[in-house]
Amino acid sequence: MIISSSYKTVENNGLLAHIYEHLLAQYVMKALQGRGFFISSDIILTAKTYGDTCFMDVEFYSPEAQDAYNEALRLFDKWDIPRSAALRVATECGIEIVDYCLEKLEGKANRRAQYTTCLVINFPDGREEVIFGENSGVILTESREESRLKGMPFRELFFVPELNMMFHEVRELPKLKRNGYSLGHEVAVEKCANVVRENLSDSV
């Protein structure tokens, strides 16, 4: 038996690493099957994503299977990934993330959650100001598939009890119809504007 491990890191972007893992594993398996090699009988392939790094471990039962695998990796590196393929696996990854979240929260009474906007102002003198805006809500016990959007898994889970609406629906409401509920990104933008105005007045 021959064992091989490979990994790819997408710095600070776990979702993109997860998408890459799906694309890589699916491409390699299809390429191996096209060469007459099959999972379990010729190879055992395991792909996982931890944080911003995806890993693929492979066990080969013949040198020929290893050669075919290495050739598939070389071809994948040259592949111009179609947008349709990226969107397809983004949906797959989103479903996995949602299922994982619901599994971890199963039976939990406290399902409070927070959506945070973070903006950074870099001043010419090297100073940095980090601005936050926050929105509170809850994680539903079941996802709402009608709210699903590729690449945004928590969109179908994040609910605002005060308005009895999904958070993405609240964002579409005019301010006067939100019953005092403030949107974190709007708060963060206003804070940024105030910081910029203060610094401009200080420099005059």
Side-chain angles (χ1 to χ4, degrees), residues 7-26 46-57 86-122 127-196 198:
Y7 71 93
K8 184 81 170 182
T9 297
V10 184
E11 189 172 352
N12 298 321
N13 196 325
L15 180 58
L16 192 56
H18 197 179
I19 290 171
Y20 184 90
E21 172 220 315
H22 275 239
L23 286 167
L24 176 60
Q26 291 173 13
T46 305
K48 294 286 184 182
T49 299
Y50 299 97
D52 58 3
T53 303
C54 64
F55 298 84
M56 192 157 69
D57 295 325
L87 290 174
R88 174 178 53 77
V89 297
T91 300
E92 294 173 4
C93 294
I95 293 171
E96 285 187 8
I97 291 170
V98 167
D99 289 344
Y100 176 82
C101 179
L102 292 176
E103 180 184 339
K104 287 294 184 181
L105 287 174
E106 187 174 1
K108 302 288 186 182
N110 182 6
R111 303 181 73 88
R112 299 295 300 178
Q114 201 165 62
Y115 180 95
T116 301
T117 298
C118 178
L119 302 176
V120 179
I121 304 174
N122 290 306
R127 287 179 298 123
E128 184 178 271
E129 187 87 24
V130 182
I131 308 292
F132 293 97
E134 297 171 344
N135 282 103
S136 295
V138 298
I139 299 296
L140 296 172
T141 56
E142 295 182 0
S143 65
R144 292 202 176 172
E145 293 189 13
E146 62 270 24
S147 294
R148 182 171 295 164
L149 189 65
K150 293 180 176 69
M152 300 181 68
F154 291 107
R155 176 185 162 103
E156 61 193 88
L157 291 178
F158 195 46
F159 185 76
V160 180
E162 297 95 317
L163 297 171
N164 196 34
M165 299 175 76
M166 302 298 287
F167 177 65
H168 71 90
E169 295 172 326
V170 176
R171 292 186 62 164
E172 297 169 4
L173 287 178
K175 189 173 184 178
L176 292 176
K177 292 187 176 181
R178 295 184 207 141
N179 296 334
Y181 186 89
S182 298
L183 292 178
H185 66 279
E186 292 181 350
V187 172
V189 168
E190 182 59 31
K191 287 179 181 178
C192 283
N194 290 336
V195 170
V196 170
E198 290 171 3

Closest non-hydrogen atom pair between [X] and [Y], with its separation:
X: Ala188; Y: Thr117; value: CB-CG2, 4.1 Å
X: Ser143; Y: Val98; value: CB-CG1, 3.8 Å
X: Cys192; Y: Ile131; value: SG-CG1, 3.6 Å
X: Val187; Y: Ser182; value: CG2-CB, 4.0 Å
X: Leu102; Y: Thr141; value: CD2-O, 3.7 Å
X: Ile139; Y: Cys101; value: CG2-SG, 4.2 Å

Test of understanding: with salt bridge (charged side-chain N to carboxylate O under 4.0 Å, His left out), list the residues that count as partners of [X], not counting sequence neighbours.
X: Glu186; value: Arg178
X: Glu190; value: Arg197
X: Arg148; value: Glu156

>> I need the full list of salt bridge (charged side-chain N to carboxylate O under 4.0 Å, His left out) pairs touching residues 89-118, with sequence neighbours left out, sorted by first then second residue.
In response: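 Applying salt bridge (charged side-chain N to carboxylate O under 4.0 Å, His left out) to every pair that reaches into residues 89-118, excluding sequence neighbours, yields Arg88-Glu92.
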
>> Strictly by salt bridge (charged side-chain N to carboxylate O under 4.0 Å, His left out), give each pair with a member in residues 161-170 just once, sequence neighbours left out.
In response: none

> What distance separates Met165 CE from Phe159 CZ, expressed to the nearest 0.5 Å?
Replying inline: 9.0 Å

> Nearest 0.5 Å, what's the CG-NZ distance between Leu16 and Lys8?
Replying inline: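 If I round to the nearest 0.5 Å, the distance is 10.0 Å.
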
Hey, are the side chains of [X] and [Y] touching, using non-hydrogen atoms and a 4.5 Å cut-off?
X: Phe158; Y: Ser147; result: no
X: Ile97; Y: His18; result: yes
X: Val89; Y: Gln26; result: yes
X: Tyr115; Y: His185; result: no
X: Met166; Y: Val160; result: no

> Are Phe167 and Leu183 close enough, and set up right, to give a side-chain contact (heavy atoms from CB on, under 4.5 Å), and what steps lead you there?
Replying inline: CA-CA 9 Å; Phe167 177 65; Leu183 292 178; 3.9 Å; yes

>> Within a 6.0 Å radius of atom CD on Gln114, are there more than 12 heavy atoms belonging to other residues, nucleotides or ligands?
In response: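 More than 12 within 6.0 Å, yes.
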
>> Are there over 12 heavy-atom neighbours, none belonging to Glu146, within less than 6.0 Å of that residue's CD?
In response: yes

For residues 46-55, please give each side-chain donor-acceptor pair under 3.5 Å, one per line with the distance, not counting sequence neighbours.
unit_1: Thr49; atom_1: OG1; unit_2: Glu21; atom_2: OE1; d: 2.4
unit_1: Asp52; atom_1: OD2; unit_2: Asn12; atom_2: N; d: 2.9
unit_1: Thr53; atom_1: OG1; unit_2: Thr9; atom_2: OG1; d: 2.9

